[in-house]
Number of protein chains: 2
Amino acid sequence: MLNMSISTVSRALKDHPDISKETKEKVRELAEILEYEPNTYAINLRTNNSKEFGVIVPAISNYFYHSFISSLEEEVRRYGYSLIILQSVDDPEIELENLKRCKQSRVAGIFVSITSKTEDIKPFLKVEDQDIPIIFFDKVPAFEACNKVCVADSLATQLAVEALITKKKKKILALFGDINLSISNKRLAAFEKEMAKMGSTISYTIDFANSAKAASLAFTKALEESKPDAVFCMSDEILTGVMKVIQKLAIKIPNDLSIVAISDGFIPQLYFPEIAYAETSGFKLGKLAFSRMMTCMAGNSFVQELTIDSVLINGGSI
Amino acid sequence: MLNMSISTVSRALKDHPDISKETKEKVRELAEILEYEPNTYAINLRTNNSKEFGVIVPAISNYFYHSFISSLEEEVRRYGYSLIILQSVDDPEIELENLKRCKQSRVAGIFVSITSKTEDIKPFLKVEDQDIPIIFFDKVPAFEACNKVCVADSLATQLAVEALITKKKKKILALFGDINLSISNKRLAAFEKEMAKMGSTISYTIDFANSAKAASLAFTKALEESKPDAVFCMSDEILTGVMKVIQKLAIKIPNDLSIVAISDGFIPQLYFPEIAYAETSGFKLGKLAFSRMMTCMAGNSFVQELTIDSVLINGGSI
DNA sequence: AACATTTTCGCAAAGCTTTGCGAAAATGTT
DNA sequence: AACATTTTCGCAAAGCTTTGCGAAAATGTT
């Protein structure tokens, strides 16, 4: 319509220095009128990179992931990217399929939290060989040579335990999640390390529960058997199980019993008194994961494992 | 490598009847070895449709949306689609930008829950004119000529109220969310309709709160002033505010006070006794939204407003 | 005015598929 | 054996950009 070539129009719209002001103006005006919108597929095909990141998680409807995703989305939008969300429903096969999906849609990078059953991470490494950076977050593989961002399990555990010790608690019940999850083991190890520091001045019981209901049962049993004066809950799931029993038995917090948890903070503030917790923020982890992705995409970076700090949020439950 | 044309390879990989079995076999084998993967961009460019849906929500980290998204993702995956998630942070401008994003990446369809401040829905209708179907869900515009799937606000409210009436409650405190939200008004209207049915046998108080904290305050005030024997909570947010006060004052549920809520069920089961609620399932809504999208994409369908049923889940709080 | 330099634009290829149409090869029919 | 039909494949265009390179036009320089 303007009697000029496609290449001139293309350059005009991208403010290329080769094109005169007048031409640019004319092109922009007509583009406006015609509501021209570049075809993303053609751009991607030509430039061979997309403005999308893949996010692979075991399940979205997890206490932790939606704050991570929400925070990550906020960040990527600023840079003109979008997020493709894929759930693995804790199944390594679907996870693999999701990975393939990401590779096929040639995303710019992938954020992945692996399932509890994922053992073979070679497929992930293979994707990285094709210059699609992968940032593992939260549930990360044990294998060293990959980029990971995690919450500070050991620090968070330490903070939570220290809070109990400061309050001179003597009999701690520590409840952990599924014994097969690495996160449980990390937090357990940190817990036992703290206990070891204290020598025999503190006694403690340890139990595992892989659901809120199981946590309720374990807690009820422990109440009868070991009469703890404080409970350490490794996760929101455990905490909700414990709190249900506390409401049922009308146990007075913190007089009869102290509670401390590790959490991102949503669940703890539902109760009265609010539960003290060592913060593991999905929000912060999202920001960190993104900045890590950006440096990876820039290219010049070594594989690294990063953790976000944790702080103790006081809540009247200890 | 196989000494055949690109078109033959293309057809062989798609099991086109024009190609002989032997050729197909050879192509497939080599494709396997070379780990050939079709370039999605080129396919999309050529066929002009993508295997992605856009999802635009005010915020992911909402009690309701992650179950919706989770359920939707499950469904779309079966059909080979992915989900692009975009947050509007309750800002109509960002919402518009997100819509543009979807249009530009030429998604196959868009699921959108509008912000509380969205007034102009013309941009949405314009996108529909370009054959990108839009399904509004949950927070939908008042404008009729668009596809909507919603929870049954009025039925849910009715079920919740009926549960209180059955238990012969006489003084109901009804707490609603932000008075400007259409959802609050719908539920309020339904509530008042139920009350009107009962004539003067029941007295009730109504209040609004646009945060959990505000709900705590409103509830505390109402406790002193009107001494209700039952509380109706319009949403999870309201419920959490109310429950915090209940824990604080150690009010005995259901002896001193009955509680009923409208919820998708996660929050109510955190308490003891579990809170009775009329179910508004994000999970079910996701399924419905998807099936609606499919019929829209098939083309031959009129604009419709659909709602999902609600059922009362008993919980010992009434 | 003759030449050099800068400004401004267009040609054409490339990125990777899909697909209509035609043609060669293979097979069937009398 | 001569023809008709079916099977199998390839050519080439199209989808919409980007971009290197060359060329024309405009401007500057002596």
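Lettering of chains follows the sequences in order, A, B, ..., and the numbering in each one begins at 1.
Both S10(A) and I43(B) lie close to DNA chain D; mapped to their nearest nucleotides by heavy-atom distance, the more 5′-ward contact belongs to I43(B). Toward the 5' end of DNA chain C, the nearer of the two residues S5(A) and I6(B), judged by each one's closest nucleotide, is S5(A). When the nearest nucleotides of DNA chain D are assigned to D18(B) and R46(B) by heavy-atom distance, the more 5′-ward of the two goes with D18(B). Both N3(A) and N39(B) lie close to DNA chain C; mapped to their nearest nucleotides by heavy-atom distance, the more 5′-ward contact belongs to N3(A).
Taking atom CE of residue M4(B) and atom C1' of nucleotide dA25(C), one finds them 15 Å apart after rounding to whole Å.
Ring planes of F68(B) and F111(B): perpendicular class, angle over 60° (limits at 30 and 60°). Classified by interplanar angle (parallel below 30°, tilted 30° to 60°, perpendicular above 60°), the ring pair F53(A)/Y81(A) is parallel.
Side-chain N/O atoms of S20(A) include one lying less than 4.0 angstrom from OP1 or OP2 on dC9(C). Between dT17(D) and Y36(A), a contact under 4.0 Å exists linking OP1 or OP2 to a side-chain N or O.
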Return one dot-bracket line describing DNA chain D 5' to 3' (Watson-Crick or G-U wobble pairs, both distances under 3.5 Å; ( ) same strand, [ ] crossing, | another strand, . none). ||||||||||||||||||||||||||||||
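For S7(A) against dC11(C), a side-chain-to-base donor-acceptor contact under 3.5 Å is present. Applying the 3.5 Å distance criterion, the base of dG15(C) shares no donor-acceptor pair with the side chain of R106(A).
The backbone N or O of Q87(A) sits less than 3.5 Å from a side-chain atom of E73(B), completing a donor-acceptor pair. At least one donor-acceptor pair under 3.5 Å links the side chain of K24(A) to the backbone N or O of H16(A).
Contact check on R78(B) versus E75(B) returns a salt bridge, with a Lys/Arg side-chain nitrogen under 4.0 Å from an Asp/Glu carboxylate oxygen.
If you check dC9(C), dT18(D), dC21(C) against the side chain of R11(B), the one that comes closest is dC21(C).
Within 4.0 Å (heavy atoms only), E37(B) reaches sugar-phosphate atoms of the nucleic acid but no base atom. Using a 4.0 Å heavy-atom distance criterion, L45(B) is classed as a base contact.
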